[in-house]
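Both counts, for ligands and for their atoms, begin at 1 and track the order of listing. Both backbone and side-chain heavy atoms feed into the values below; hydrogens, waters and symmetry mates do not.
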Amino acid sequence: MALIVQKFGGTSVGSIERIRAVAQRVKQTVKAGHSVVVVVSAMGKMTDQLVKLASEITADPDQRELDMLLATGEQAAIALLSMALQNLGQSAVSLTGAQIGIITETKHNRAHILHIHTQRLQHHLNEGSVVVVAGFQGMTESDNWEITTLGRGGSDTTAVALAATLKANLCEIYTDVSGIFNTDPRLVETAQLITEITCDEMLELASMGAQVLHPRSVEIARNYGIPLVVRSSWTDDPGTRIIPPIPQCCPREMLELSSLIDSVKFDTDCAKVAVLQVPDRPGVAATLFHQIAEQALSTGLILQSIHEDDTNDIAFTVNHRALSQAHATAMATVPLLSAQWGDCTPSPEVLVYRDLATVTIMGAGMLGYPGVAAQMFTALADAEINLHLISTSGVSVSCVIQGVDCDRAITTLCETFHVASSPLKPAAEPCQHPSFSASSIRGVALDLNQACLTLRQIPDRPGKAARVFQLLAEQSISVDMIVQSQRRQITNGRITRDIAFTLPEGDVDVACRVLRQAATELENAQIEVDRAIAKVSIVGSHLSQQQSSAFKMFTAIATHRINIQMIATSALKVSCVVSSDQGVEALRAVHTAFGLAGHHKIKVPA
Ligand code: ADP
Ligand code: ASP
Ligand code: MG
């Protein structure tokens, strides 16, 4: 007899007929001899409707009251499912997050789970009842037992957190598609099902916009070694297995906070090539990285900053062995750019920086904890270490710094994150399941809910960028694709740079407010916002070692004459920002270019 946690999303319980079907499935699982805890979302689009009702009362609802309102959606669904089970002769009891004791932080709308009381749950399970739990909600312990919610899509996180706490044998996420596909099957009908994927890859796909799993649920599965399956609630198809790495011994207390940073890594063989003032036109990045790929040169990070005066800066890292060839290739590309885009004025310029180092903090638990990245930047700034490039992923934050600062950076970071030591040799690879090939692109994701915020003319001194991310972290705003312009400018006698990053569109107003409030500190840097963006990302292990992946992606986008506004990479992904109306077209182009399209067209429930 196994203990199984089964979670059913909104569409899966979207009607009385669906609730009856779910009850049948749960009953069958019990009949097969298992104990079952069921987690349900609100029916259909109920949460959206509740949000809309609130917005009709006020544009800026009180967060506590919003949680009170949103938690009712799940409460209705659990009662109905419990009744449906009882109607089938299956003993069942519905419980809200507060009734169970799902204890969260005191943070409304995006609380993390700290721990889960199991007594009441266990009691009902021992009696042979199915326990039907309201997803997405919890309760504070220290602050008057307030009701909290975990953030949109958070029922997945409730399910995996329960599985971790109860040491369940399996956690099944039932949804409206038959598993994890190599891209969103609702947007690309040639998407193909993935039968197995590592937690790290899934974490990246989910945090880059594949909403099929709440990214934090994957963090918990990874940290606690929970076997996770995503499958359809319409069929008996096996779905997708998400493979956790070797389970670690994480304490069940401080559940979502137990394993933020587990290692600090470094690489001292790092140099940077920056190509400044390239034309802001479709095909520029493709042309440059075509040349690089032709030379079989491996690039590390690639970043392209926001355009200014119709030109962009592109920077990439290579190891020292490849540097002179990479430099020569970049120089040789400049005339090609001029030939293709007329006489570029001013002409692109190539700069080379040697003796750099990459320092990386790694661990799952950073999503939704923007404070971690901000803490890293602040710690490095306090040690007077300047950042050349920043790269973020679901499981890591890397900074490129001067090589001479590397030892100091490691000491500072180990102290800051209470990591005892770091390995001698960098091991930037994500955890990997042995059955996967080292070079595969696992999937392509699209995020249409992001905006780009640019701070123009921010003083180029250690600590200024860190302060920006600290201010945002204090508001729990997560940022991604942080790109500093390579160019420095002289503004009112000071050296300044531009810095741009992407953030959830819903957080833009708060971000602008706190940054404006800090105008004096940020020496009146100008704030620009572009809400009409889409982020397209390819995800796979060892991406940074495959010189052709980035080039292939840029080419696919350029072939559709879509302009790439920003580029940022990590070991696990390459992301490009394009304009929002071209997002789906770019996604389809990239999906096809990587040979990910299947012959069978997917049909998904309406
Ligand atoms: P639920 O209500 O069951 O939680 P969601 O709407 O949150 O369902 O997630 C399922 C949806 O995720 C699918 O309908 C699909 O459109 C979308 N999706 C995005 N990317 C992927 C992907 N890579 N694989 C599967 N589904 C995806
Ligand atoms: N009902 C919540 C939402 O729509 C939580 C969930 O479905 O996971 O975001
Ligand atoms: Mg969901």
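A distance-only check finds a donor-acceptor pair linking the side chain of Lys573 to the backbone of Thr392 [under 3.5 Å].
A salt bridge does not link Asp507 to Arg531: none of the charged nitrogens lies less than 4.0 Å from a carboxylate oxygen. A salt bridge links Glu172 with Arg231: the closest approach of a Lys/Arg side-chain nitrogen to an acidic carboxylate oxygen falls below 4.0 angstrom.
Under a 4.0 angstrom heavy-atom cut-off, Gly154 registers as being in contact with ligand 2. Not a single heavy atom of Gly135 sits under 4.0 Å from any atom of ligand 2.
Atoms of ligand 2 found under 4.0 Å from any heavy atom of Gly153 (numbered from 1 in listed order, with element): 3 (C), 5 (C), 6 (C), 8 (O), 9 (O). When each atom of ligand 2 is checked for a heavy atom of Arg152 under 4.0 Å away, the hits are 3 (C), 4 (O), 9 (O). Per-residue contacts place Thr47 under 4.0 angstrom from the following atoms of ligand 2 (heavy atoms of the residue considered): 1 (N), 2 (C), 3 (C), 4 (O). Near Ser41, meaning under 4.0 Å from one of its heavy atoms, ligand 2 places the atoms 6 (C), 7 (O), 8 (O). Less than 4.0 angstrom separates some heavy atom of Phe136 from each of these atoms of ligand 2: 2 (C), 5 (C).
On a distance-only criterion, Glu74 and ligand 2 share at least one N/O pair closer than 3.5 Å. For a threshold of 3.5 Å applied to N or O pairs, the pair formed by Gly10 and ligand 2 contains no separation below that value.
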For residues 70-81, please give each side-chain donor-acceptor pair under 3.5 Å, one per line with the distance, not counting sequence neighbours.
unit_1 : atom_1 : unit_2 : atom_2 : d
Thr72  : OG1    : Leu69  : O      : 2.5
Glu74  : OE2    : Ala42  : N      : 2.9

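Side chain to side chain, Thr157 and Ser217 fail the donor-acceptor criterion of an N or O pair below 3.5 Å. In summary, the side chains of Ser155 and Thr158 do not present any donor paired with an acceptor at a separation below 3.5 Å, with no hydrogens or angles considered. Side chains of Ser178 and Asp237: a donor-acceptor N/O pair is absent below 3.5 angstrom, by distance only. No donor-acceptor contact under 3.5 angstrom links the side chains of Thr148 and Asp67, judged on distance only.
Atom CD of Glu56 has more than 12 heavy atoms from other residues, nucleotides or ligands within 6.0 Å.
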request  = Please step through side-chain contact (heavy atoms from CB on, under 4.5 Å) for the pair Leu472 and Phe501, ending with a clear verdict.
outcome  = CA-CA 12 Å; Leu472 299 174; Phe501 50 86; 3.6 Å; yes
N/O pairs closer than 3.5 Å, ligand 1 and protein:
unit_1   : atom_1 : unit_2 : atom_2 : d
ligand 1 : 2 (O)  : Gly10  : N      : 3.1
ligand 1 : 3 (O)  : Thr175 : OG1    : 2.6
ligand 1 : 4 (O)  : Lys7   : NZ     : 3.1
ligand 1 : 6 (O)  : Gln211 : NE2    : 2.8
ligand 1 : 8 (O)  : Thr175 : OG1    : 3.2
ligand 1 : 14 (O) : Asp176 : OD1    : 2.8
ligand 1 : 14 (O) : Asp176 : OD2    : 3.4
ligand 1 : 14 (O) : Arg186 : NE     : 2.7
ligand 1 : 16 (O) : Asp184 : OD1    : 2.7
ligand 1 : 16 (O) : Asp184 : OD2    : 3.4
ligand 1 : 16 (O) : Arg186 : NE     : 3.4
ligand 1 : 23 (N) : Phe181 : O      : 2.9
ligand 1 : 24 (N) : Phe181 : N      : 2.9

